[in-house]
Amino acid sequence: MIDLKQSVQYVKGVGPQRVKILNSIGVYTIYDLITYFPRDYEDRNNKKKIIDLCNGEEAVIEATAITNVTVAVIRKNMSILKLTVGDETGVATITWFNQIYLKNKFKIGNKYKFFGKVTNTFGKIEMVNPVFDNAEENKNTGKIVPIYPLTYNLSEYAIRQAIENALKTVNNKLEETLPDYILKEYNLEDINTAMNQIHFPDSFESCNKARKRLVFEELLTMQLALLQLKNQTTGQEGIAYSKEVKMSDVINILPFKLTKAQLKVLEEIDNDMESNKPMNRLLQGDVGSGKTIIAIISAYKATKCGYQSAIMAPTAILASQHIEEFRKILEPLGIRCEVLLGGTKKKQRDEILQKLKNGKIDVLVGTHSLLVEDVEFKNLGFVVTDEQHRFGVRQRENIIAKGKNPDVLVMTATPIPRTLALILYGDLDISIIDELPPNRKKIETFAVSYSLEERVNNFIRKNIEEGRQAYVVCPLVEENEELNMKSVTKICEKYKNEIFKDYRVELLHGKMKQKEKDEIMQDFKDGKINILVSTTVIEVGVNVPNANIMVIENSEHFGLAQLHQLRGRVGRGEYQSYCILKYRKSTPEAKERMKTMQETNNGFIIAEKDLELRGTGEFFGTRQHGLPEFKIANLFRDMDMLKSVQSVAIKIESEDPKLELDKNKKLNKLIKEKFTKRVEI
Ligand code: ADP
Ligand code: MG
């Protein structure tokens with residue numbers, strides 16, 4: 001049996017350099033490589049006439065050699081071969097680099113098929129390094145070729161070759177992962193056929209069959225795992241909070257009136273808290289809809305009933321902001337709030353932990369630092385995780401375990417279409433805030449190319465002159481913290497030293513010391529900084545009502561959900577706010593994203609669109625909800641499959657809840673493997 005956990009370095013043709021590149025896209029093992037699925041396919045059957053060729057496209061032409069191959073040797077290791085070919089509509093030049101062995105392959109007057117990338121410069125048509133066949137052959141051109149997600153530094157060909165070789169190594173010896181009875185009952189392809197056909201399909205039909213099987217497996221595993229998770233939590237006895245403690249006591253002293261939606265959600269939470277079943281509730285609300293106050297009021301109830309609360313936020317900036325709001329409202333009511341961050345000094349930390357254990361702290365706000373083992377509560381009764389898509393299921397479990405079946409509120413600004421939420425968050429009840437606080441102005445969104453940069457800068461200047469502040473966000477260049485820091489530093493320098501010399505411009509990025517970050521954020525909040533240049537660390541939750549401009553550099557690199565989150569940083573005060581999406585290169589997808597951003601401010605619409613454009617890879621990936629990323633399923637495209645798989649899962653589960661029957665052994669293994677892998681803590 002082949003060991004799929006072996007490093008990719010054992011695949012033929014994968015040297016140390018390739019290993020590095022593959023690692024950078026998350027491919028470490030042979031298994032990772034063969035499950036690096038194509039995002040699309042190229043149909044090399046698709047013929048075109050020379051006259052119809054467009055610049056940049058890849059196409060097949062059937063053409064006759066008009067000349068012999070000419071060879072120019074530029075230097076020792078560099079030769080250029082050229083061949084002129086023609087069909088009845090025009091002529092094209094075929095160029096090969098360093099493929100001297102092709103010199104005598106072509107005969108004047110013979111017909112060939114060429115497939116490659118076309119350049120059309122003022123009508124001069126060229127194809128560089130195409131693959132080819134004799135006219136009657138189908139070796140290189142008559143097939144369907146997989147297209148993989150593009151990778152920095154790795155050519156299409158290289159990844160294709162690596163996968164082809166990996167499949168050869170595997171040699172049809174993959175162990176079947178689905179039980180026989182399921183394969184039969186649902187008419188699914190076996191694992192080896194599916195794996196081969198998904199990468200190098202003989203036809204689109206067999207490709208679809210392969211895909212169906214793999215998607216089925218992926219969705220079934222997820223569904224079964226969710227059902228098990230749900231079983232773990234139901235039936236346990238939780239805390240029944242006293243009906244005597246009234247949320248309205250806080251609500252009545254707030255500086256603003258809660259929206260109807262907020263009140264409704266609070267009622268749902270209040271009911272949950274008073275019942276003796278542990279609350280397990282997901283609170284969805286678009287950015288700026290006012291979720292924090294919900295957490296504050298609920299924590300009030302918990303405290304007054306004699307329990308401690310833990311509020312976990314994904315970033316220190318956010319935690320710092322939360323503690324401020326909690327203190328503002330709860331401390332006058334005699335509730336003791338503290339904050340614990342990764343950067344909290346040891347002496348202070350010790351003191352906090354001591355007080356926490358003795359019950360002298362009522363509400364503890366913090367980041368992942370709350371998960372550490374020595375953080376012990378006296379009687380934790382209420383847990384909030386904010387912007388939960390940043391936390392994994394495991395982390396949620398981890399903090400919950402610090403209490404005894406505490407009530408749990410999970411808050412997210414990533415709106416998920418309800419039907420999907422019901423399936424994906426099978427283990428949670430759902431509340432939705434579907435209304436923004438009154439008097440919010442619609443954020444105006446513009447997509448502009450860099451040629452308009454100066455106008456954008458003047459626009460920023462005008463607003464700063466009026467007393468406003470601006471964010472400038474730079475994209476992740478790649479999964480490399482150092483490089484990202486460099487690029488954001490460079491952009492910041494330009495703003496600081498050239499464009500906005502007269503203003504205070506500061507930089508914020510994830511690698512900075514906590515203290516520096518906090519200081520800068522505080523200065524920005526206090527209006528001492530005019531322009532804050534940052535990486536996406538400010539993506540979630542930060543609240544500075546005076547900032548009214550969000551500039552996103554190279555916005556084509558961001559996904560829709562993320563753009564929407566970033567935009568949500570402005571439009572939080574009384575001022576008209578703007579979101580400016582700067583772009584350099586714009587793919588059709590990027591254009592579509594920008595169009596959506598300009599058309600709507602509604603997070604739910606954006607979520608649906610995001611799902612449609614991007615599928616689930618990232619939207620519902622690990623980062624979002626702690627489930628393993630989908631490698632192949634796309635919850636938008638595969639909605640129907642998801643529904644039918646859900647009923648399959650329920651059927652299996654009702655018959656064999658712990659998957660202990662012999663026939664379900666394989667399923668059990670599948671779940672264990674997938675759900676213990678790569679869960680970040
Ligand atoms: P999010 O849901 O994105 O976490 P926040 O909780 O940060 O939103 O709320 C955004 C801002 O709106 C905060 O300044 C908060 O005080 C304010 N806010 C919340 N609810 C209301 C309301 N009902 N009326 C007016 N302002 C509100
Ligand atoms: Mg928030």
Side-chain angles (χ1 to χ4, degrees), residues 247-248 250-269 281-300 311-315 317-332 337 363 365 367 384-391 409-416 430-443 469 471 521 524-527 536 538-548 550 561-575 577 579 601-604 606-607:
M247 288 186 172
S248 55
V250 205
I251 296 173
N252 291 335
I253 58 165
L254 293 178
F256 46 75
K257 225 176 124 220
L258 292 182
T259 61
K260 269 205 209 97
Q262 284 171 318
L263 288 169
K264 187 172 130 258
V265 167
L266 277 173
E267 202 178 304
E268 288 165 348
I269 293 174
R281 188 167 283 280
L282 174 73
L283 172 55
Q284 284 192 47
D286 211 343
V287 275
S289 60
K291 294 184 291 294
T292 317
I293 193 69
I294 303 290
I296 294 176
I297 296 166
S298 314
Y300 165 84
I311 320 295
M312 200 159 76
T315 64
I317 292 173
L318 204 52
S320 310
Q321 181 183 297
H322 279 347
I323 187 68
E324 236 175 80
E325 290 181 42
F326 271 77
R327 281 188 171 139
K328 210 160 59 192
I329 294 169
L330 296 183
E331 283 193 341
C337 306
V363 177
V365 177
T367 52
V384 179
T385 56
D386 191 15
E387 307 296 351
Q388 80 94 37
H389 61 279
R390 292 295 184 99
F391 296 105
L409 182 65
V410 171
M411 307 201 294
T412 180
T414 309
I416 296 157
I430 300 174
S431 291
I432 298 178
I433 307 184
D434 50 7
E435 155 186 32
L436 292 182
N439 303 325
R440 290 272 168 83
K441 292 205 174 74
K442 181 173 177 289
I443 303 166
Q469 292 160 282
Y471 294 100
M521 220 41 235
F524 189 65
K525 275 191 174 180
D526 295 343
T536 50
I538 59 140
E539 179 187 341
V540 288
V542 177
N543 196 25
V544 181
N546 190 49
N548 76 328
M550 166 62 65
Q562 206 176 15
L563 289 175
H564 180 64
Q565 283 293 317
L566 287 168
R567 177 168 64 183
R569 298 309 101 220
V570 296
R572 306 194 139 232
E574 66 212 83
Y575 310 105
S577 294
C579 174
N601 274 307
N602 183 320
F604 280 90
I606 286 176

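Just so you know, ligand 1 is whichever comes first in the structure, and atom 1 is the first atom listed for that ligand. All values below come from the heavy atoms of this structure, side chains included, with hydrogens, waters and symmetry mates left out.
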Original post:
Do E268 and S431 have a side chain donor and acceptor closer than 3.5 Å?
Top reply: yes
Subject >> From K260, M411, K257, K328 - option closest to atom 23 (N) of ligand 1 by heavy atom >> reply: K257
Original post:
Considering only heavy atoms of T259, which atoms of ligand 1 have at least one such atom less than 4.0 Å away?
Top reply: 23 (N)
Original post:
For ligand 1, which atoms, with element, lie under 4.0 Å from some heavy atom of L258?
Top reply: 23 (N)
Original post:
Would you say Q321 has any N or O atom under 3.5 Å from an N or O of ligand 1, going by distance alone?
Top reply: no
Original post:
By side chain to side chain donor-acceptor pair (under 3.5 Å), which residues pair with T259, not counting sequence neighbours?
Top reply: Q262
**OP:** Please check if the side chain of D286 supplies one atom and the backbone of G603 the other of a donor-acceptor pair under 3.5 Å.
**Re:** yes
**OP:** With sequence neighbours excluded, tell me which residues meet side-chain contact (heavy atoms from CB on, under 4.5 Å) with A547.
**Re:** Q469, Y471, F524, V544
Original post:
Distance-only, no hydrogens or angles: does the R440 side chain make a donor-acceptor pair with backbone N or O of G288 under 3.5 Å?
Top reply: yes
Original post:
Judging by distance only, is a nitrogen or oxygen of E325 under 3.5 angstrom from one on ligand 1?
Top reply: no
Original post:
N543 heavy atoms, cut-off 4.0 Å: which ligand 1 atoms fall inside?
Top reply: 11 (C), 13 (C), 14 (O)
Original post:
For ligand 1, is E435 a contact, meaning one of its heavy atoms is under 4.0 Å away?
Top reply: no
Subject >> E435 bridged to K260 by N-O distance under 4.0 Å >> reply: no
**OP:** Check each atom of ligand 1 against the heavy atoms of G290 and keep those under 4.0 Å away; list them by number with element.
**Re:** 1 (P), 2 (O), 5 (P), 6 (O), 8 (O), 9 (O), 19 (C)
Original post:
Does G285 come within less than 4.0 Å of ligand 1, judged by its heavy atoms?
Top reply: no
Original post:
Considering only heavy atoms of T292, which atoms of ligand 1 have at least one such atom less than 4.0 Å away?
Top reply: 4 (O), 5 (P), 6 (O), 7 (O)
Subject >> From R440, H322, R569 - option closest to atom 12 (O) of ligand 1 by heavy atom >> reply: R440
Original post:
Under 4.5 Å between any side-chain heavy atoms of I443 and M550, yes or no?
Top reply: no
Original post:
What about P437: any of its N or O atoms under 3.5 Å from an N or O on ligand 1?
Top reply: no
**OP:** Report yes if the side chains of V384 and S298 come closer than 4.5 Å at any heavy-atom pair, otherwise no.
**Re:** no
